[in-house]
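Working notes for the structure below.
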Amino acid sequence: MRTIPALLIAIASFGVAADAGEVTFTYRGPAAGRVYLAGDFNNWAGNTNGKPSDASALMRSDGAGVWTKTVEVNGLTARYKFVVENEGAAPKWIADPEVAQRDRDGNSVVFVAKSMRELVKDQRIEVRADGARGAVVLKNPDGTFADAIEVTSGAGEPIRAKGVSERAIAIEWDGDGSIRDFEARIRDGSRYLGGGERFNSINQRGHVLRMASSDHPEEKGLATYKPVPFIISSRGYGIWLDSTTPSTFDLNSSDREHVIVRDKAKRMRLVFIAGPTPRDVLSEFTRLTGRPNVPPAWAFAPWKSRDVHRNRDEVLADIALSRKHDLPASVVVLDSPWETSYNDFRLNEQQFVDPDAMFAEIRKQGFVPCFWLTPFINLTNVTDMKGIDKGPALNYEEAARNGYLVRSGPSAKEDSGKPMIVPWWKGTGALVDFTNPRAVEWWHAQMEPMRKWGVAALKCDDGESNFVTDAVFHDGSTASEMKGRYAQLYLKAANDFLERVRPGDHTLISRCGFTGTGKYPFGWAGDNHADFSYENGLPGVIIAAQNASLSGLPMWGSDIAGYMGDATPELFIRWTQFAAFSPLMMVHMQSNKGPWDYGDTALDVYREFAKLHTRLYPYLHNAAAEASQHGVPVIRPMAYAFASDPAAAREQFQYLFGPDLLVAPMYQSGTRRSVYLPEGRWIDYWSGRVYEPRQTIDADAPIERLPLYVREGAIIPMLPTSVDTLLRRSEGIDPTVECLDDRLLLEVWPGEKGELSCADGAKATLAWEGGKSVLRFSPAFERDIEVRLRFVGANAVVEHSGPNTTNLLRDGDASVLVFPKARGEIHISWN
């Protein structure tokens, strides 16, 4: 038994009690009427509204003001406070004044077991263990104690640990080379973010998340196309299970006090990442697992796709109607089917006659083509288009003969060792074995015909773990290990092909995903219903966007307006508005409709928001650069951006888009919704009304608007309104198509201070000086600059230092200055 008095024995500056079991706590307070001991070991004295109700928690006084209490502690740590009562006064909860360690709730913390060994010590995180039990100690930047997370092995194996980085440590258990069941229990009962692209909720507390992907067009529930075995705890740390097998994260579902991580593998490796903020944790996680390159500009313009382009005329119609209706776009997607077989990469010229002319027109109108594919080489094909062979694909026999396909395992009996034939929605086929380097090279050679047609992007469909059954792989990996790894290798191989044929000027979008696949970089939400249902409609997609961003998947989009079914004009409009504030904006649906098919109002709204999305390209580019350099997602959930605000953390249907735009999509039918405005003052984008922070407002949302707010003092970099494509002008693009150039527009919003630093070198600051607002900006290189001072009064006196400036203009709610060929720093001031 160890007595914990005013002075506590310290090891490495942290309080440590000598033995697990009985612990005696001491409080010195001569003036106290009664003192209770409240801790995690006695359910905090069973208190009601702060008043202890458990008589057994009462401490004993020696009559001279020394209060003691001996309790049984079953954990490695004890968290506690003293509850001091004086007659006529409310109870006071007091941390032990002689114990320096505090958790995030201000409770005193001591380590109970003296036998705990220090396994890893680093600046921000360390591990102490006592056999199969351990504690992950989180520290503040100055090295002082911040929190301690208890970890135990379910099977009693001793804990081994090693440092990964300044912020991360790995705890490992070994199965001695054999596959076995592992279980780790982490003592925590907080809120949890992440776990992959999930459609159910932002806070995953109370759920059991299975870390395996599936092709799941039905109601989503907890199913996902992109699982990521990584969660962020609101206690200020993250857990990443470094495994590709189908593990589970039980997040206080079966045990309210513990997170239980289970895996069946040759080892269990849990990486703990120190915060304290979700941003800190996610930044380190993405540094360890991979971040994307910044996609090319054209990838951020709207994409036009159909479930099926039945012929060349429909492809050209999408392009022509986009330009006719003044709808910006840069990418046209050739989804399935477009080949003569799945996947031989031979263009079906019965479907697309005179392809040279078709692709020439695509280029002429300022588009690049994206080609759909899957990782199957088919034995039989669904012949849903004239010109498709029944099968096998022309390249199937070669792939099978050379061992380029995933093979069947022992359960296939007489077919063991032969290509594993899997039924899928375009027939039957075998997966390419991406663990075989020669198979990857062969696959790249098969894809070469796309080079002729100017392939710039790939749409990587399928690849989920439900297609990986009892299989044998070239490198000896088990089918279980490949459940998550297959998506990683599939997307890497696709990305590597694009880098070979179009270095630095390509992108891909994928339906499947796993740890680290956000570096490839775009994902999309898969198959959703064209409705407002929570089960599989727009609300779940809005949540999935945020969960993906919390899981290291920072670039993301969805099908406007739901893949399955036929959307109403209202749903099309509301999905469009949400998609405009997603990194990827793409029209794609089974009904094969375009924005021009939903009536004049819907077309007008789509045009406005497609233009706004395109004009925001410089802002998006900056956010993408931050994702690439620091792991900060473009879509930033409230629980991520305002982690210290519990009211903000509860909001699931609003988020920050980049650093300064607060977006509140309409997720149900109607024209009003509530919006929570967090810290800082916020300005209504449409009206200019300024709102004070930390309040919930009833927002008006007529069909042509979604609630949108700008951070006070924001400087938003944008493009002119006339841009049709985010391709730069090159030979062959029609002169009437307005291309991306170096023009820059700065929208300056009211406020006393603001700052902008663009990825291309442009910089601006806003300050309040001598009773005036002062903007200073440097364009980085010679370019045309337009400055729009939003919601500045018509009588404002505006002065500037820039040469060759047009006269001050008024445009609706803004004062406008134009600086042609600006070079040096320019100052603008106004009262």
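Treat the numbers as computed from the prediction; the structure is a model and nothing was measured. The basis for the numbers below is simple: all heavy atoms, side chains too, and nothing from hydrogens, waters or symmetry mates.
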### Inter-residue atom distance Leu706.CG - Tyr667.OH, 0.5 Å rounding
13.0 Å
### Task
Provide the closest heavy-atom pair for Ala579 versus His613 in the form atom of the first, atom of the second, distance.
O-ND1, 4.1 Å
### Query
Are any non-hydrogen side-chain atoms of Leu656 and Leu662 less than 4.5 angstrom apart?
yes
### Query
Does the pair Arg133/Glu150 count as a salt bridge with the N-to-O cut at 4.0 Å?
no
### Query
For Gly670, does its backbone N or O pair with a side-chain atom of Arg574 as donor and acceptor, under 3.5 Å?
yes
### Query
For Gly513 and Ala487, which heavy atoms make the closest approach, and how far apart are they?
N-CB, 4.1 Å
#### Entry: Plane angle bin for Phe82 and Tyr80 - parallel if under 30°, tilted between 30 and 60°, otherwise perpendicular
perpendicular
### Task
Please determine if Arg185 and Glu183 form a salt bridge, counting it only when a charged side-chain N lies under 4.0 Å from a carboxylate O.
yes
### Query
Does CZ in Arg672 sit with more than 12 non-hydrogen atoms of other residues, nucleotides or ligands closer than 6.0 Å?
yes
### Task
Spell out, as yes or no, whether a donor-acceptor pair under 3.5 Å connects the side chain of Arg167 to the backbone of Gly275.
yes
### Task
Carefully, step by step, assess Gln488 and Thr515 under the rule side-chain hydrogen bond (donor to acceptor under 3.5 Å, both in side chains).
CA-CA 8 Å; Gln488 296 172 329; Thr515 303; 5.0 Å; no
#### Entry: Gap between atom CG of Asp40 and atom CG of Asn107 - 0.5 Å precision
8.0 Å
### Task
May I ask you to check whether Phe609 and Trp575 place their ring centers less than 6.0 Å from one another?
no
### Mutual orientation of the aromatic rings belonging to Phe300 and Phe522 [parallel < 30°, tilted 30-60°, perpendicular > 60°]
perpendicular
### Nearest atoms (heavy-atom pairs only) where Asp96 meets Ser108
N-OG, 2.7 Å
### Message
Assess the residue pair Glu626 and Arg636 against the criterion (salt bridge (Lys or Arg N to Asp or Glu O under 4.0 Å)); give the C-alpha distance rounded to whole Å, side-chain angles, the decisive distance to 0.1 Å, and a yes or no.
### Response
CA-CA 12 Å; Glu626 197 170 6; Arg636 305 170 188 182; 3.0 Å; yes
### Message
Would Arg128 pass as a cation-pi partner of Phe111, given that its NZ or CZ must be under 6.0 Å from the six-membered ring centre and within 45 degrees of the axis?
### Response
yes
### Main-chain N/O of Asp142 paired with Asn140 side-chain donor or acceptor, under 3.5 Å
no
### Query
Could you walk me through whether Met638 and Asp645 pass the side-chain contact (heavy atoms from CB on, under 4.5 Å) check?
CA-CA 9 Å; Met638 302 295 281; Asp645 183 346; over 6 Å; no
### Query
Do the side chains of Glu197 and Thr224 get nearer than 4.5 Å, heavy atoms only?
yes
### Query
Does the distance from a Lys or Arg side-chain N to an Asp or Glu carboxylate O, for Asp242 and Arg269, drop under 4.0 Å?
yes
### Message
Side chains of Trp44 and Trp93, heavy atoms from C-beta outward: is any pair under 4.5 Å?
### Response
yes
### Task
Might you work through the side-chain contact (heavy atoms from CB on, under 4.5 Å) test for Leu550 and Ile202, ending with a clear yes or no?
CA-CA 9 Å; Leu550 290 165; Ile202 303 295; 4.2 Å; yes
### Task
Measure from the side-chain N and O atoms of Arg673 to the backbone N and O of Pro665, and report whether any donor-acceptor pair falls under 3.5 Å.
yes
### Message
If you apply the rule side-chain contact (heavy atoms from CB on, under 4.5 Å), what do you find for Gln204 with Ile231, and how did you get there?
### Response
CA-CA 9 Å; Gln204 297 297 345; Ile231 58 112; 5.9 Å; no
### Query
Which value, rounded to the nearest 0.5 Å, describes the distance between Ser213 atom OG and Phe514 atom CZ?
8.0 Å
### Query
Counting only N and O atoms by type, is there a donor-acceptor contact under 3.5 Å from the side chain of Gln695 to the main-chain atoms of Glu692?
yes
### Query
Can you tell me if CG on Asp698 sees more than 12 non-hydrogen neighbours from other groups inside 6.0 Å?
yes
### Task
Verify, without hydrogens or angle tests, whether Ser214 (side chain) and His216 (backbone) share a donor-acceptor contact under 3.5 angstrom.
no
### Message
Test your reading of the model: is there a side-chain donor-acceptor pair from Lys51 to the backbone of Ala90, 3.5 Å cut-off?
### Response
no
### Task
Verify whether one side chain among Ser283 and Arg291 offers a donor that lies under 3.5 Å from an acceptor in the other.
yes
### Query
Do the side chains of Tyr691 and Val675 get nearer than 4.5 Å, heavy atoms only?
no
### Message
Nearest 0.5 angstrom please: Ile232 CD1 to Tyr192 OH, how far?
### Response
13.0 Å
### Message
Could you check whether any side-chain N or O of Gln101 sits under 3.5 Å from a backbone N or O of Val109, counting only pairs where one atom can act as donor and the other as acceptor?
### Response
yes
### Message
When you compare the side chains of Arg191 and Asn203, does any donor N or O come within less than 3.5 Å of an acceptor on the partner?
### Response
no
### Task
Answer yes or no: is there a side-chain heavy-atom contact under 4.5 Å between Glu712 and Trp682?
no
### Task
Drop me the distance from Met586's CE to Ser558's OG, to the nearest 0.5 angstrom.
7.5 Å
### Query
Among Asp280, Asp188, Asp147, which one satisfies side-chain hydrogen bond (donor to acceptor under 3.5 Å, both in side chains) with Tyr237?
Asp188
### Query
Yes or no on ring-ring contact (aromatic ring centres under 6.0 Å, His included) for Tyr685 and Trp749, after CA distance, side-chain angles and deciding distance?
CA-CA 9 Å; Tyr685 182 87; Trp749 289 79; 5.5 Å; yes
### Message
Run the side-chain hydrogen bond (donor to acceptor under 3.5 Å, both in side chains) test on Arg102 and Thr144 for me, step by step, so that the C-alpha distance in whole Å, both residues' side-chain angles and the decisive distance to 0.1 Å come before the verdict.
### Response
CA-CA 10 Å; Arg102 302 280 190 273; Thr144 58; over 6 Å; no
### Query
How far apart are the C-alpha atoms of Arg262 and Thr248, what are their side-chain angles, what is the distance that settles it, and do they pass the side-chain hydrogen bond (donor to acceptor under 3.5 Å, both in side chains) test?
CA-CA 5 Å; Arg262 296 185 175 96; Thr248 59; 4.8 Å; no
### Query
Can Ser674 and Thr696 be said to form a side-chain hydrogen bond (donor to acceptor under 3.5 Å, both in side chains), step by step?
CA-CA 6 Å; Ser674 64; Thr696 298; over 6 Å; no
### Task
Take atom CZ of Arg235 as the centre, draw a 6.0 Å sphere, and report whether it contains more than 12 heavy atoms from other residues, nucleotides or ligands.
yes
### Query
If you look at every heavy atom in Ile125 and Ala274, which pair is closest and at what distance?
CD1-N, 4.0 Å
### Message
Tyr655 vs Phe581, test: side-chain contact (heavy atoms from CB on, under 4.5 Å). Steps then yes/no.
### Response
CA-CA 10 Å; Tyr655 56 86; Phe581 295 96; 3.7 Å; yes
### Task
Check step by step if salt bridge (Lys or Arg N to Asp or Glu O under 4.0 Å) holds for Asp700 and Arg705.
CA-CA 9 Å; Asp700 186 29; Arg705 297 280 184 263; over 6 Å; no
### Query
Counting distance only, does the side-chain N/O of Glu747 pair as donor-acceptor with the main-chain N or O of Ala714 below 3.5 Å?
no
### Query
From Ser533 OG over to Lys220 NZ, what is the distance, rounded to the nearest 0.5 angstrom?
9.0 Å
### Query
Closest heavy-atom contact between Asp559 and Gly526?
OD2-O, 3.5 Å
### Query
Do you know the tightest heavy-atom contact between Asp660 and Ile716?
CB-CD1, 3.9 Å
### Task
Verify, without hydrogens or angle tests, whether Asp527 (side chain) and Pro217 (backbone) share a donor-acceptor contact under 3.5 angstrom.
no
